[in-house]
Amino acid sequence: MSNDEFRAAMSRLAAGVVLVTAQEPPLDPDDPMAPAGEDVGMTATAFLSVSLDPPLVMVSLRAGSRMDDLLAEQPLWAVSVLTESQRHIAGRFAMKGRISDRLLFEDIAYARGPASGAPLVGGALATLECRTEQTVTAGDHTLVIGRVLTVELPSADGGPLLYFRGRYRQLD
């Protein structure tokens, strides 16, 4: 089996699309006047519920990615479950060689999560704030298992944004 064959097989599994976000710690945590850390975001399709009691979720991050590096030092993060009308957000945060995250967040409506401080996308189907419980190295990815601290259901409008056969899709 080749990598391309494996990728093609996995592309036939529809997946929900989420934006994973976190805020970098301040440059100098001991100085209240130090600038806050930058917001970081990434699109993910490998996100799932792990447990109801306790409430746990898991996201798969490419090893060595900016989010992987950040969550290795920052245990608080958030997830926004994107709607079909938020395809532009998914595409923006999935770009390779993209501009700074600060500019990516610039024209997106979001609120700061009360538990994580991470951006929660306005109009998302659901938002969750998490604290990392465990990480597992799995090939070229890191599986991050997080305890869900807060859940919001801000929007009931529209359907979920899906990823299938290498493209964003929506339910018909």
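- Once rounded to the nearest 0.5 Å, the distance linking CD of E24 with CG of L70 reads 6.0 Å.
- Between the side chain of E84 and the backbone N or O of G159, at least one donor-acceptor pair lies under 3.5 Å.
- At a threshold of 4.5 Å between side-chain heavy atoms, the hydrophobic network of Ile, Leu, Val, Met, Phe, Trp and Tyr places L48 and L143 in one connected group.
- Note that OG of S51 and CZ of R147 are 8.5 Å apart. Values are rounded to the nearest 0.5 Å.
- Within 6.0 Å of CG on N3 lie no more than 12 heavy atoms contributed by other residues, nucleotides or ligands.
- Taking CG from L120 and OG1 from T127, the interatomic distance works out to 4.5 Å, rounded to the nearest 0.5 Å.
- Note that CG of L13 and OG1 of T45 are 9.0 Å apart. Values are rounded to the nearest 0.5 Å.
- At least one donor-acceptor pair closer than 3.5 Å links the side chain of E5 to the backbone N or O of S2.
- Shortest non-hydrogen contact noted between L162 and V17 is C-CG2, 3.8 Å.
- Both V20 and V151 are assigned to one and the same hydrophobic cluster, defined by single-linkage of ILVMFWY side chains at heavy-atom distances under 4.5 Å.
- The distance from atom CD1 of I145 to atom SG of C130, rounded to the nearest 0.5 Å, is 11.5 Å.
- With a 4.5 Å cut-off on side-chain heavy atoms, Q86 and V121 count as touching.
- What you find for V50 and M58 is that their closest heavy atoms are CG2-CB, 3.5 Å.
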| request: With side chain to side chain contact (heavy atoms under 4.5 Å, CB included) as the test, would you mind laying out the steps for V40 and Q23 before giving the verdict? | output: CA-CA 6 Å; V40 177; Q23 186 178 49; over 6 Å; no

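- Using modelled atom types, one side-chain atom of T43 and one backbone atom of A90 make a donor-acceptor pair closer than 3.5 Å.
- Counting non-hydrogen atoms of other residues, nucleotides and ligands closer than 6.0 Å to CG of L171 gives a total above 12.
- A 6.0 Å sphere centred on CZ of R131 holds no more than 12 heavy atoms belonging to other residues, nucleotides or ligands.
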| Verdict with reasoning, I108 to I89, per side chain to side chain contact (heavy atoms under 4.5 Å, CB included) | CA-CA 8 Å; I108 294 174; I89 295 172; 4.0 Å; yes

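- At a cut-off of 3.5 Å, with distance as the only test, a side-chain donor of W77 or T132 sits close to an acceptor on the other residue.
- Nearest heavy-atom pair, G123 versus T83, reported as atom, atom and distance to 0.1 Å: O-CG2, 3.3 Å.
- Hydrophobic clustering (ILVMFWY, side-chain heavy atoms < 4.5 Å, transitive): L153 and F47 are in one cluster.
- Counting heavy-atom neighbours within 6.0 Å of E38 CD, excluding the residue itself, gives a total above 12.
- Listed here is the closest heavy atom pair of A115 and L76: O-CD1, 3.5 Å.
- Side-chain contact between R12 and M10: absent, with no pair of heavy atoms (C-beta onward) separated by less than 4.5 Å.
- Taking the side chain as every heavy atom from C-beta outward, E133 and L56 approach each other to under 4.5 Å.
- A pairwise comparison of heavy atoms in L161 and R87 identifies CD2-CA, 3.7 Å as the closest pair.
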| request: Take L19 and F93 through the test side chain to side chain contact (heavy atoms under 4.5 Å, CB included) and record every step on the way to the result. | output: CA-CA 8 Å; L19 183 68; F93 284 90; 3.5 Å; yes

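- Taking a cutoff of 4.0 Å between a charged side-chain nitrogen and a carboxylate oxygen, D69 and R66 do not qualify as a salt bridge.
- With rounding to the nearest 0.5 angstrom, the OG atom of S60 is 4.5 Å from the NE2 atom of H141.
- Of all heavy-atom pairs between L128 and V57, the closest is CD2-CG1, 4.3 Å.
- At a threshold of 4.5 Å between non-hydrogen side-chain atoms, the residues E129 and P114 count as touching.
- Under the 3.5 Å distance criterion, the side-chain polar atoms of T21 are matched with a main-chain donor or acceptor of P119.
- The backbone N or O of L82 sits nowhere less than 3.5 Å from a side-chain atom of S80 that would complete a donor-acceptor pair.
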